[in-house]
Amino acid sequence: MGKKTLSAALLSTTAMLAVAGCGGGGTAGSDETAAPPLNPKSVSGTIKVLTNRTDLVQDGTMKKYAAAFNKEYPKVKVQFEGITDYEGEVKIRMNTDKYGDVLLIPAAVAKGDYPKFFAPLGDTGSMKDKYRFTDKTDVNGKTYGIANFGTANGIVYNKALWKKAGITKWPTSPQEFLADLKTVKDRTGATYYTNFKDGWPLVSPFTNSVGSVSCDTKASDNLANMDAPWGNGTDLNVIDGLLYNIVHDKLSEKDPSTTNWENSKTLLAKGKISSMVLGSWSITQMQDAAKKAGQNPDDIGFMPFPVQKGGKFCSTLLSDYQQAVNIHSSHKAAARAWIDWFTEKSGFSDSQGVVSALRSAPMPATLKEYVDNDVTMVERSEADTAQVNAIDNASEIGLNKQDYRQKLIDIARGAQKGSLKDYFADLNKRWAEARQTVGS
């Protein structure tokens with residue numbers, strides 16, 4: 001599998017309206033709660049689980065999970081459907097009531113429309129103490145999804161390569177990171193990798209880092225109240241400014257138009273490239289690539305974004321897709337049983353090296369360096385995501401699309417005219433005008 005997820009990237013307003021107005025969600029009532037079943041032996045039915053993890057369906061991993069689940073819920077039959085174009089396909093299916101019993105909530109569904117399509121799982125007030133990220137699917141005090149997993153944000157890098165270049169400490173500022181990249185390039189020839197061509201690595205890994213700079217759980221929500229998100233010292237100013245300077249200072253690949261995501265894993269493992277801004281979900285993929293390339297998987301490291309607040313690093317912690325129950329499902333108890341079991345007992349989070357939705361679960365081994373170095377985990381609020389997305393759509397900037405950062409890179413490398421200062425000024429202007437348009 002290539003990209004881990006299409007996380008949090010809203011589709012066009014047209015797409016959202018198409019989903020919001022589809023016939024599948026308009027008739028069912030939102031009071032049909034999919035409560036946790038009290039007696040596993042009494043729960044029965046055949047449920048279909050839709051997933052974007054086609055690789056785990058094809059290699060039999062999901063069947064193994066189902067077999068383990070059946071030891072506790074013997075009367076429930078679980079069927080899986082792996083979907084390559086998950087967003088596109090499921091959005092179409094939601095024009096009917098046949099979109100599985102358990103599914104990952106598509107980004108195209110407006111948050112306010114969740115009660116039309118999904119059964120509430122419980123009161124947010126009680127669920128938030130047990131689960132992380134409940135505010136992402138909270139609508140009027142009800143939670144409509146439980147996170148598949150969470151991901152911390154930072155920079156994946158080749159530790160052995162950086163050590164070979166004489167660097168053993170994490171950079172504490174953007175300037176220090178740029179200096180380290182130059183040292184690594186001068187001494188090893190390896191460069192930072194933008195993954196410009198595939199595009200999506202310029203989206204969520206960077207936008208999800210909003211909050212890592214300020215160490216503020218409300219950093220993303222605050223965008224709804226800002227006229228200049230790219231103003232001096234803001235999270236987006238620092239994050240996008242660093243990307244610009246990496247490219248402008250010729251510390252990235254020579255030709256961004258030739259990058260290749262799948263190949264980048266092997267290149268990092270072999271020390272041909274030095275680092276990439278990504279989510280922690282990428283660590284196990286890089287380690288697997290290292291094994292296949294005959295390299296040491298322990299050489300894959302993960303450092304926080306190069307900024308400190310009060311002498312400490314921060315890393316945003318965000319939800320991936322959220323698992324939900326189709327409000328039209330005839331087997332809500334069985335569907336909820338699967339979600340609870342998968343979240344609490346399957347071991348999926350540990351196997352993937354990602355953060356469990358359970359607050360009681362420890363951080364995964366992949367984030368041991370974060371734990372050992374007291375990196376502050378900032379569980380970012382998503383309470384005002386709908387308003388932020390409305391402003392973003394009206395501005396036509398696309399915080400969750402690749403275009404604006406690809407343009408940033410093109411300006412940095414001289415492929416388009418302009419300067420960083422002028423580009424940020426234009427982004428701020430468009431954002432401020434959009435806030436007025438949507439009435440923020």
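These numbers come from the heavy atoms of this one structure, side chains and all, not from hydrogens, waters or symmetry mates.
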Output yes when a side-chain donor or acceptor of [X] lies under 3.5 Å from a complementary backbone atom of [Y], and no otherwise.
{"X": "D392", "Y": "L399", "result": "yes"}
{"X": "N389", "Y": "T385", "result": "yes"}
{"X": "K332", "Y": "S329", "result": "yes"}
{"X": "Q406", "Y": "F196", "result": "yes"}
{"X": "R132", "Y": "S356", "result": "yes"}
{"X": "D198", "Y": "W200", "result": "no"}
{"X": "T266", "Y": "E262", "result": "no"}
{"X": "E379", "Y": "F133", "result": "yes"}

Would you say the side-chain atoms of [X] and [Y] include a donor-acceptor pair closer than 3.5 Å?
{"X": "T151", "Y": "S280", "result": "yes"}
{"X": "N326", "Y": "Y99", "result": "yes"}
{"X": "N153", "Y": "T316", "result": "yes"}
{"X": "T33", "Y": "R336", "result": "no"}
{"X": "S214", "Y": "D235", "result": "yes"}

More than 12 foreign heavy atoms under 6.0 Å from [atom1] of [X]: is that the case here?
{"X": "D372", "atom1": "CG", "answer": "yes"}
{"X": "N140", "atom1": "CG", "answer": "no"}
{"X": "K77", "atom1": "NZ", "answer": "no"}
{"X": "Q79", "atom1": "CD", "answer": "yes"}
{"X": "K111", "atom1": "NZ", "answer": "yes"}

Answer yes when E81 and R93 have at least one side-chain N-carboxylate O distance shorter than 4.0 Å, and no when they do not.
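Between R93 and E81 there is a salt bridge, with a charged N closer than 4.0 Å to a carboxylate O.
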Is any NZ, NE, NH1 or NH2 atom of the basic residue among R53 and D55 found under 4.0 Å from an Asp or Glu carboxylate oxygen of the other?
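Salt bridge flag = yes for D55 with R53.
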Qualifying residue, where the test is ring pair (Phe, Tyr, Trp, His ring centres under 6.0 Å) with F80 and the options are W338, Y65, F342, F69
W338
Do [X] and [Y] have side chains that approach each other closer than 4.5 Å (heavy atoms only, starting at C-beta)?
{"X": "W162", "Y": "S275", "result": "yes"}
{"X": "L178", "Y": "Q175", "result": "no"}
{"X": "S319", "Y": "E382", "result": "no"}
{"X": "K159", "Y": "I300", "result": "no"}

Could you walk me through whether Y370 and M363 pass the side chain to side chain contact (heavy atoms under 4.5 Å, CB included) test, one step at a time?
CA-CA 9 Å; Y370 271 28; M363 286 292 141; over 6 Å; no
Could you grab the distance from atom OG of S209 to atom CG of L236, nearest 0.5 Å is fine?
10.0 Å
Show your working on side chain to side chain contact (heavy atoms under 4.5 Å, CB included) between V354 and D320 and close with a plain yes or no.
CA-CA 10 Å; V354 292; D320 192 81; over 6 Å; no
Worked verdict on L242 versus I246 for side chain to side chain contact (heavy atoms under 4.5 Å, CB included)
CA-CA 6 Å; L242 178 59; I246 289 171; 4.0 Å; yes
Give a yes or no on whether the ring-centroid distance for Y321 and Y86 is below 6.0 angstrom.
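Centroid separation for Y321 and Y86: below 6.0 Å.
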Does the gap between the ring centers of W341 and Y73 come in under 6.0 Å?
no
Candidates D384, D216, T234 - the one meeting side chain to side chain donor-acceptor pair (under 3.5 Å) with N222
D216
Between K130 and E344, does the salt bridge (Lys or Arg N to Asp or Glu O under 4.0 Å) criterion hold? Intermediate values first, please.
CA-CA 11 Å; K130 182 175 183 179; E344 300 175 22; 3.0 Å; yes
Check against side chain to side chain donor-acceptor pair (under 3.5 Å), D240 and Y404
CA-CA 10 Å; D240 288 337; Y404 101 83; 2.7 Å; yes
Check the pair T343, Q323 against side chain to side chain contact (heavy atoms under 4.5 Å, CB included), reporting the backbone distance first and the verdict last.
CA-CA 10 Å; T343 303; Q323 293 192 91; 4.2 Å; yes
Decide yes or no on side chain to side chain donor-acceptor pair (under 3.5 Å) for T191 and S252, but give the supporting numbers first.
CA-CA 5 Å; T191 61; S252 58; over 6 Å; no
